[in-house]
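A, B, ... follow the sequence lines: proteins, then strands. Residue 1 opens every chain.
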Amino acid sequence: MMTPYAPANSEQKWQAAWDKAGVFTAQHDPSKPKYYVLEMFPYPSGRIHMGHVRNYTMGDVVARYKMSCGFSVLHPMGWDAFGMPAENAAMERGGHPKDWTYGNIADMRGQMKPLGLSIDWSREFATCDPEYYGQQQAMFLDMLEAGLVYRKNAVVNWDPIDMTVLANEQVIDGRGWRSGALVQRKELTQWFFKISDYAGELLSALDDLKDWPEKVRLMQANWIGQSRGLQFAFGTINAPAGFDRIECYTTRPDTLMGASFVGISPDHPIAKALEQTDPDMAAFIAECRKGGTTEEAIETGEKLGRDTGLRVRHPLDEAWELPVYIANFILMDYGTGAIFGCPAHDARDFEFATKYDLPIHAVFCPEGDETADADLPLAQEFVPLKSEKVRYIRGYAGDTVQTGEQAIAAAITFCEANGIGRGVTNYRLRDWGLSRQRYWGCPIPVVHCAACGVVPERKENLPIRLPDDVTFDKPGNPLDRHPTWRDTTCPKCGAAARRETDTMDTFVDSSWYYARFTAPHATTPTDPAETDYWMNVDQYIGGIEHAILHLLYSRFFARAMHKTGHLPAKAVEPFKALFTQGMVTHEIYKTTDGNGRPVYHLPEDIDRDAGVVRATGEKLEIIPSAKMSKSKKNVVDPMNIIASFGADTARFFVMSDSPPERDVEWTAAGADATSKFLTRVWRIASEIADGAGGAGGAEDQALMRATHKAVDEVTRSIDGFAFNKAVAAIYGLSNTLAKSQAANPAKRAAMQIMAQLMAPMVPHLAEDIWAALGGAGFVVQAGWPKADPALLMQDEVTLPIQINGKKRAEITVPRDMPASEVEKIVLADEAVIKALAGGQPKKLIVVPGRIVNVVI
RNA sequence: GCGGGCGUGGCGAAAUGGUAGACGCAGCAGGUUUAGGUCCUGCCGCCGCAAGGCGUGGGGGUUCAAGUCCCUUCGCCCGCACCA
């Protein structure tokens, strides 16, 4: 009997049944190949959104598919649970960050479970669990011992709203990545990870990440920013004591003969020395510091400089003296904090030289510029190195060099041979500052002792737990003003000492969670037997917004974990394949109020067809496809979709139409259509279960061909992360099945295969169909169908006939007909005869099984 | 400024150098239905009554054959950006 399709009941039923059977509990089974699929774990905001649904459904499709293919699959879920929002909530609403966070986790887990994801919930953890962050503290101590963490005084990015330090990666356009506040420069003593030690390796290893998006690899390569150049020194003439030389770094040593000044950073040791004795310099340096990284300074980009009065000698010409300027655009932490200025061939130096009236010596001119001579006059204009080819004119390496690259290499060789500096490789990447002046994070497990200095905690004292009795009535770090938590004894000498009150950047938490999932309850950070079996993550899925931050930190952290014995060598690249998915978008419905301010309307409050607000009849402006945002009211709550259509509809919709790496627009019409399709499939299946079928015969064979073609297409599509094409193939098969006059047994067989093909995407419906057709066990455990190559071959093929590249006719011939036979048939074709008009073709191309082209 | 990506019907999109537009949405016509919805059948790139012609942002090239490869140009999007 046909029963109506009722997702609400059946989805819950199957979820309970899978749970009871432990279908998704990951098994460490050495007899099977393993597959580890991971989606970037969520921050427990309290509500899941459509982006989560899309992200986790993609992972689920892969996980279920691999499971069906015979892999032992690990598909875990956890919570990236430390961070500012919990503290903000405590400040705004009272309560404790811990209660807020764990409450949100419970809520979100409750919203995720109805999606029917194939997650091994027994491995769940939150990064704010002491069992997790205690292990993180243990690793921190190991890394400290291994020299991978250190403490230094540095100018850092200070976020005045979040009242904490930010890493360079966390400053976007001069603003804090979370608060949006203009970042200030502040000098503080902070903890750093030595990620710069790995700059070269993190860069070169990108080449091997073949299954990562090219875009992400490029972004990381640019961020690491490798450059090759010359480090050399200018001898000083009248510098303060102790400063005999000024070390410079340049990527353009070929322009050394175009020098007209030396510039140093306001933070350079010489600048600091001058600051002590020269009030004018001190004032100028103070002005530079004030600017720094503020947005205004970046936007106006004004180059400020001041002549120090110091003079240096050019390394290639003792008699040549150059002035030394302090300049606001020179960064102390790149290269040596000092540069030589070549205004003729560097746009920034040109601007600076023009402003301060410094000479501009050209060193070369573009190829073909015959006005230039071996002794170039002072240039009036900036000469950009647009062409690779230049006439290399002035300098020490002769005038034979043809390209800029060769000139640079020759200059380095020349300088090294003459004892002027050495070729060095520099990186833009700087060490990762991990100290945060916040409560809700992993405490840094060290102690400050008056006698012994900074002392690591003893491992047996871990975890250093966050105290529960904290207040958020004042800004700043509650740990810092806690009456007793800070008080401890020195692990070394036993005297009274103070705990470190900074906590770790939350990006530390997410830099190793993938490894912890392999042994979430181990009493050490990782378990070698488990990491050896499960690592690496075979498929990682998440948003492109983590292309640099999280993904670069994780690549570093895996290396640091390997060095400290927490990961095997094979796991230094933790994510074998990466997929970055697009967003779920939605139209925005906007009207304008009396004061010209925008008013946004929820999708359920408007009439899309009439284009008006339902309640008031106001005319709507419809803004197409934008990121879902609460303030724009274009948010669709997955819980509402599940309530009205079921999880399978939500899952199938987000897999349909758009390729997964691109944005997909959620529409009410699309959700309706998806739901109708699933209902239709259920109806077709029910009819087959009830015995529906036609006469069979040749129809049976045709149906099996269509089915195996679909198996082939769906398999290749899922393998290639083209879920939209897998969905299209399933639509195609359902159309064929609905119209087929095959006999019932053939239809039944085809429908069973279709249930298997649909199972990764719509697992509940697939189980219903499987059960209705009398399949044994769960469809999720029924294996993956294999396309029969014999059925994919057609006995006859239709060949299009092109005349001069345009299709004019087609013929149907046996698949293996020899080309000579095909030619005869083609030449006898009416359209060909007409086109030839009695003549002979110039050429006749037969591509067997594909196409024929007649060239006239 | 540097680096990268993308431009295909009304819309989301397919297309190992080999029949452009699979599949879906929207739309149109018909059937079922008291009606609406559901469901079923068919049509659906553009121009054209048709025959036919034209079509993958524009221009050029390679090729028997180009959405696909090369050059050039326009437009949009993303990342980085005082890095010496």
Side-chain angles (χ1 to χ4, degrees), chain A residues 172-173 213-223 225-227 229-231 248-253 255 262-263 265 291-293 297-298 300-304 327-331 333-342 346-349 351-352 384 426-430 544-545 547-548 609 624-625 653 656-659 661-665 667 669-674 676-677 679-680 683 713 717 722 724-735 738-739 798-810 841-847 849-856:
Chain A
I172 320 274
D173 294 336
E214 184 64 26
K215 182 186 170 75
V216 174
R217 299 193 310 184
L218 268 163
M219 283 168 71
Q220 291 212 356
N222 289 338
W223 188 263
Q226 187 180 63
S227 71
L230 179 77
Q231 188 168 324
C248 287
Y249 171 74
T250 180
T251 57
R252 295 296 308 279
T255 64
V262 169
S265 165
T293 52
I298 287 168
T300 60
E302 197 186 357
K303 315 254 172 299
L304 297 175
N328 66 340
F329 59 85
I330 301 170
L331 308 168
D333 51 2
Y334 184 79
T336 61
I339 61 160
F340 86 88
C342 176
D346 179 281
R348 188 197 49 204
D349 292 347
E351 190 188 327
F352 190 84
N426 243 316
Y427 297 93
R428 207 185 76 109
L429 181 70
R430 273 160 270 162
I544 186 77
E545 67 273 17
I548 292 172
D609 294 332
S625 206
F653 184 101
S656 308
D657 293 345
S658 287
E661 67 276 14
R662 238 178 275 179
D663 292 351
V664 64
E665 186 178 41
T667 62
D672 258 344
T674 304
K676 277 180 201 168
F677 173 71
T679 308
R680 174 178 140 95
R683 193 172 51 244
E713 281 173 15
S717 298
N724 55 324
K725 286 194 264 171
V727 167
I730 286 167
Y731 267 99
L733 180 56
S734 92
N735 290 339
K739 285 175 199 165
T798 301
L799 294 182
I801 299 177
Q802 293 183 332
I803 294 170
N804 289 336
K806 297 216 179 243
K807 189 197 160 191
R808 287 290 181 255
E810 58 183 34
K842 278 195 198 135
K843 215 168 184 179
L844 186 54
I845 292 144
V846 177
V847 185
R850 293 219 72 104
I851 203 163
V852 179
N853 196 5
V854 185
V855 185
I856 294 170

Which nucleotide in B:A84, B:A13, B:C80 has an atom nearest any side-chain atom of A:Thr251: B:A84
Rounded distance in Å - CD (A:Glu665) to P (B:A13): 10 Å
Sugar-phosphate only, base, or nothing, as touched by A:Ser656 at under 4.0 Å among non-hydrogen atoms: nothing
Closest listed nucleotide, where the reference is the side chain of A:Asn724 and the choices are B:C83, B:U41, B:A13: B:A13
A:Tyr427: ring-ring contact (aromatic ring centres under 6.0 Å, His included) partners, not counting sequence neighbours: none
Pairwise P distance for B:G75 and B:G58, with rounding to whole Å: 15 Å
Base partner of B:C54, which must satisfy Watson-Crick or wobble distances under 3.5 Å: B:G45
B:A84 phosphate, OP1 or OP2, under 4.0 Å from A:Tyr334 side-chain N/O: yes
Smallest separation among heavy atoms of A:Arg252 and A:Phe340, with atom names: O-CZ, 4.0 Å
Whole-Å P distance, B:A65 and B:C11: 31 Å
Separation of atom CD1 in A:Ile803 from atom C1' in B:U19, rounded to whole Å: 14 Å
Atom pairs under 3.5 Å, N or O on each side, protein against nucleotides 37-39 of chain B: can you list them with distances?
{"residue": "B:U38", "atom": "OP1", "partner": "A:Lys676", "partner atom": "NZ", "Å": "2.7"}
{"residue": "B:C39", "atom": "O3'", "partner": "A:Arg683", "partner atom": "NH2", "Å": "3.2"}

A:Arg217 and A:Glu214 ion-paired at < 4.0 Å: yes
Touch class at under 4.0 angstrom, heavy-atom based, for A:Arg217 against every strand present: nothing
Euclidean distance for C1', B:C76 against B:G57 (whole angstrom): 11 Å
A:Met219, nearest nucleotide to its side chain (from B:C80, B:G79, B:A84): B:G79
Opposite nucleotide pairing with B:G30, Watson-Crick or G-U, both atom distances under 3.5 Å: B:C40
A:Thr667 side chain near A:Phe653 side chain, heavy-atom distance below 4.5 Å: yes
Min side-chain heavy-atom separation A:Phe329-A:Ile339 under 4.5 Å: yes
Inter-nucleotide P distance (B:U73, B:G4), Å rounded: 16 Å
Close side-chain approach of A:Ser227 and A:Tyr249, heavy atoms under 4.5 Å: yes
Pairing nucleotide - B:U62, Watson-Crick or G-U, each distance under 3.5 Å: none
B:G12 versus B:G7 - spacing of their C1' atoms, nearest Å: 15 Å
Nearest heavy atoms of A:Lys725 and A:Ser717, plus distance in Å: CB-OG, 3.5 Å
Euclidean distance, atom CZ of residue A:Arg430 to atom C1' of B:A81 [Å, nearest integer]: 12 Å
Pairing partner (Watson-Crick or G-U wobble, both distances under 3.5 angstrom) of B:C2: B:G79
A:Ile801 side chain near A:Lys807 side chain, heavy-atom distance below 4.5 Å: no
Atom pair distance, as rounded to whole Å: OH in A:Tyr427 and C1' in B:A84: 17 Å
Taking every non-hydrogen atom, the tightest pair across A:Arg680 and A:Ala738: NH2-CB, 3.9 Å
A:Gln802 side chain reached by A:Ile851 side chain, heavy atoms, under 4.5 Å: yes
Could I get a table of every N or O pair under 3.5 Å where one atom is in the protein and the other is in nucleotides 61-68 of chain B?
{"residue": "B:C64", "atom": "OP1", "partner": "A:Lys843", "partner atom": "NZ", "Å": "3.4"}
{"residue": "B:C64", "atom": "O2'", "partner": "A:Asn853", "partner atom": "ND2", "Å": "3.0"}
{"residue": "B:C64", "atom": "O2", "partner": "A:Asn853", "partner atom": "ND2", "Å": "2.8"}

Length of the CG-P vector between A:Asn328 and B:A84, whole Å: 17 Å
Torsion-based syn/anti label for B:G9, 90° from 0 as limit: syn
ring-ring contact (aromatic ring centres under 6.0 Å, His included) against A:Tyr334, all qualifying residues, sequence neighbours excluded: none
Sub-4.5 Å side-chain heavy-atom contact between A:Val854 and A:Pro841: yes
Between the protein and nucleotides 56-60 of chain B, list the N/O to N/O atom pairs that are separated by less than 3.5 angstrom.
none

A:Ser625 to A:Glu665 - nearest heavy-atom pair and separation: N-OE2, 3.3 Å
Presence of A:Arg348 side-chain N/O under 4.0 Å of B:C83 phosphate oxygens OP1/OP2: yes
Note, A:Val852 side chain near A:Ile845 side chain (heavy atom, < 4.5 Å): no
Nearest listed nucleotide, side chain of A:Ile339, among B:U16, B:A84, B:C80: B:A84
A:Phe653 CZ - B:C25 P separation (whole Å): 11 Å
B:G45 versus B:C28 - spacing of their P atoms, nearest Å: 16 Å
Separation of atom CG in A:Asp349 from atom C1' in B:G1, rounded to whole Å: 15 Å
Under 3.5 Å donor-acceptor, A:Ser265 side chain and A:Ile330 backbone: yes
Touch class at under 4.0 angstrom, heavy-atom based, for A:Lys725 against every strand present: sugar-phosphate
Complement of B:C11, any strand, by Watson-Crick or G-U distances under 3.5 angstrom: B:G24
Over all atoms of both residues, closest heavy-atom pair of A:Pro800 and A:Glu810: CA-CB, 4.0 Å
Sugar-phosphate, base or nothing in reach of A:Tyr249, heavy atoms under 4.0 Å: base
Report each atom pair, protein N/O against N/O of nucleotides 3-9 of chain B, whose distance is under 3.5 angstrom.
none

Min side-chain heavy-atom separation A:Gln231-A:Cys248 under 4.5 Å: no
Separation of B:C82 P from A:Glu351 CD (nearest whole Å): 13 Å
Partner nucleotide, any strand, of B:U68 [Watson-Crick/G-U, under 3.5 Å]: none
Touch class at under 4.0 angstrom, heavy-atom based, for A:Ile330 against every strand present: base
5′-ward residue of the pair A:Gly225/A:Arg808 relative to RNA chain B: A:Arg808
Given RNA chain B, 5'-ward residue of the pair A:Ser658 and A:Arg428, judged by closest heavy atom: A:Ser658
Whole-angstrom distance between B:C74 and B:G59, as gauged at atom C1': 10 Å
Gap in Å between the two C1' atoms, one belonging to B:G21 and one to B:C71, rounded: 28 Å
Nearest heavy-atom neighbours spanning A:Cys342 and A:Asp349: N-OD2, 3.0 Å
